[in-house]
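These notes concern the structure reproduced below.
Naming convention: chains lettered A, B, ... in sequence-line order (proteins, then strands); numbering from 1 in each chain.
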2 protein chains.
Amino acid sequence: MVRTPLTRERVLRGAMAVADAGGLTGLTIRSLAQELGVKPMSVYHHVANKDEILDGIVDLVFDEIELPVVGGEWRAEMRRRALSARAALARHTWAIGLLESRTSPGPATLAHHDATLGTLRAGGFSVELTAHAYALLDSYVYGFALQEAGLPFSGPDDVADMAGAIVEQFATGQYPHLVELAAEHVMKPGYDFGDEFEFGLDLILDALAGRLTTGWAP
Amino acid sequence: MVRTPLTRERVLRGAMAVADAGGLTGLTIRSLAQELGVKPMSVYHHVANKDEILDGIVDLVFDEIELPVVGGEWRAEMRRRALSARAALARHTWAIGLLESRTSPGPATLAHHDATLGTLRAGGFSVELTAHAYALLDSYVYGFALQEAGLPFSGPDDVADMAGAIVEQFATGQYPHLVELAAEHVMKPGYDFGDEFEFGLDLILDALAGRLTTGWAP
DNA sequence: TAACCTGTCGTACTAAGTACGGCGGGACTG
DNA sequence: CAGTCCCGCCGTACTTAGTACGACAGGTTA
């Protein structure tokens with residue numbers, strides 16, 4: 001087997017692949033080394049430690065998110081960015097938990113933030129409203145991804161099963177509203193939690209547009 | 001020393017205290033045992049394993065969130081709940097990362113969800129709109145807490161320092177909009193990222209009220 | 001050819017989760 | 001009141017994971 005020489009790039013790509021396959025707990029130096037066809041200590045010639053790997057793969061995830069076009073129509077750009085971000089975080093759910101603990105953003109992360117801010121500014125948002133809008137949009141995207149990742153199911157089929165279990169388990173009336181939601185909404189054929197995303201996103205974008213045109217001031 | 005007998009309750013409270021003090025990585029069976037004045041293996045007579053501890057302390061966090069009053073004015077109740085939830089997650093930032101991986105909700109978590117759903121339903125929301133509103137509100141709260149936890153600073157003072165560092169480091173123009181935001185907004189005296197929370201929250205609540213009164217339909 | 005550098009690896013130490021079995025003191029029985 | 005028993009605590013030790021340290025090989029340069 002011809003062995004491509006190890007590089008920082010290959011280490012990070014490999015780490016991402018291992019995390020995608022086995023989650024964060026499945027990502028160990030040893031499992032990563034195996035993935036790369038190498039012995040554990042070889043990895044350390046390309047990254048300082050595991051933390052650097054974690055920082056690196058978070059940045060790889062940001063690299064997968066479509067950059068908004070500064071100067072484009074802000075609403076469409078923000079919508080596209082949000083959908084892309086949610087998709088990336090859904091592909092790499094392990095990244096969500098890392099967002100909390102990683103405090104040194106990589107170049108892709110910084111570029112992403114910069115393009116987003118720039119798009120809002122070019123769209124007519126004041127500096128202050130830009131800050132508000134950005135915090136709001138990112139909170140929604142991250143939070144939605146977090147909820148999606150935490151759900152004990154992953155597709156429309158599992159959802160119905162889970163909802164059925166809830167209905168049965170709590171039929172006694174301990175959690176009536178939870179049961180109602182499960183029985184009358186979630187178990188309906190075709191329900192997909194992921195569809196909730198666009199409702200909230202459009203609601204937020206509509207409301208931001210309102211704040212923008214009315215020249216909202218603090 | 002009179003030693004209160006160990007109980008599951010004391011184990012979980014102790015685990016929460018250790019996590020508050022040293023983060024998730026600081027919470028080990030050994031550190032927990034020391035906190036409790038006990039040897040490591042004693043802990044295992046009250047919980048099956050560490051995962052059960054993690055599930056347990058997440059539920060303790062939910063227990064700290066004020067329950068909305070079913071039948072109360074939905075907007076005020078949702079607002080109070082959101083502020084309370086954000087405060088709880090800010091006190092226990094380690095809980096945010098756990099939300100993603102813990103899939104077995106405890107009683108406090110279930111009660112919390114049920115009361116929230118009930119408040120919306122009693123406030124006139126259809127089952128479907130309730131689902132949308134709930135996903136939206138929770139996403140925002142969790143996401144905001146996630147962002148807050150990920151910030152490399154924790155108070156208004158640190159923020160200005162950090163913003164100053166950004167301005168200096170990227171003065172070359174690589175990330176112009178990031179620099180602009182830092183220089184013209186974040187570094188202003190009195191800025192506190194936490195204040196962004198209420199802007200987004202009220203925007204969302206306003207927009208939900210609009211969807212409610214116009215009898216929004218899918 | 002000899003010195004050297006770069007990337008790989010073997011070994012081993014430390015920290016952490018936890019299985020297994022011992023043990024002591026209070027409770028319960030006769 | 002004594003014997004029995006069980007519950008909760010602990011000592012020991014095995015496993016997995018991060019990573020420090022130094023050896024070694026193969027190509028490169030002087």
Carboxylate-amine/guanidinium proximity below 4.0 Å for Asp59(A) and Arg102(A):
no

Any salt bridge between Arg8(A) and Glu52(A), counting N to O under 4.0 Å?
yes

Rounding to a whole Å, what distance do you find between [X]:[atom1] and [N]:[atom2]?
{"X": "Leu54(B)", "N": "dA16(C)", "atom1": "CG", "atom2": "C1'", "value": "14 Å"}
{"X": "Glu35(B)", "N": "dA16(C)", "atom1": "CD", "atom2": "P", "value": "15 Å"}
{"X": "His46(A)", "N": "dC9(C)", "atom1": "NE2", "atom2": "C1'", "value": "13 Å"}
{"X": "Gln34(B)", "N": "dA16(C)", "atom1": "CD", "atom2": "P", "value": "11 Å"}
{"X": "Asp51(A)", "N": "dA17(D)", "atom1": "CG", "atom2": "P", "value": "17 Å"}
{"X": "Leu36(A)", "N": "dC9(C)", "atom1": "CG", "atom2": "C1'", "value": "15 Å"}
{"X": "Leu6(B)", "N": "dC7(D)", "atom1": "CG", "atom2": "C1'", "value": "13 Å"}
{"X": "Met41(B)", "N": "dC20(C)", "atom1": "CE", "atom2": "P", "value": "10 Å"}

Report yes if at least one side-chain N or O of Ser42(B) is closer than 4.0 Å to OP1 or OP2 of dG8(D); otherwise report no.
no

Please determine, for the side chain of [X], which listed nucleotide ([options]) has the closest atom?
{"X": "Lys50(B)", "options": "dT18(C), dG10(C), dC10(D)", "answer": "dT18(C)"}
{"X": "Asn49(B)", "options": "dT18(C), dT19(D), dC9(C)", "answer": "dT18(C)"}
{"X": "Lys39(A)", "options": "dA13(D), dC9(C), dT19(D)", "answer": "dC9(C)"}
{"X": "Thr28(A)", "options": "dC9(C), dA17(D), dT19(D)", "answer": "dA17(D)"}
{"X": "Ile29(A)", "options": "dG18(D), dT18(C), dC9(C)", "answer": "dG18(D)"}

Start at the 5' end of DNA chain C and walk down; is the nucleotide closest to Val43(A) or to Arg30(A) reached first?
Val43(A)

Give a yes-or-no answer on whether the side chains of Thr116(A) and Thr119(A) include a donor-acceptor pair shorter than 3.5 Å.
no

Do we see a donor-acceptor contact under 3.5 Å between the side chains of Tyr191(A) and Glu196(A)?
yes

Residue whose nearest DNA chain D nucleotide is more 5′ - His45(A) or Pro40(A)
Pro40(A)

From Leu99(A) atom CG to Trp94(A) atom CH2, the distance as rounded to the nearest 0.5 Å
9.5 Å

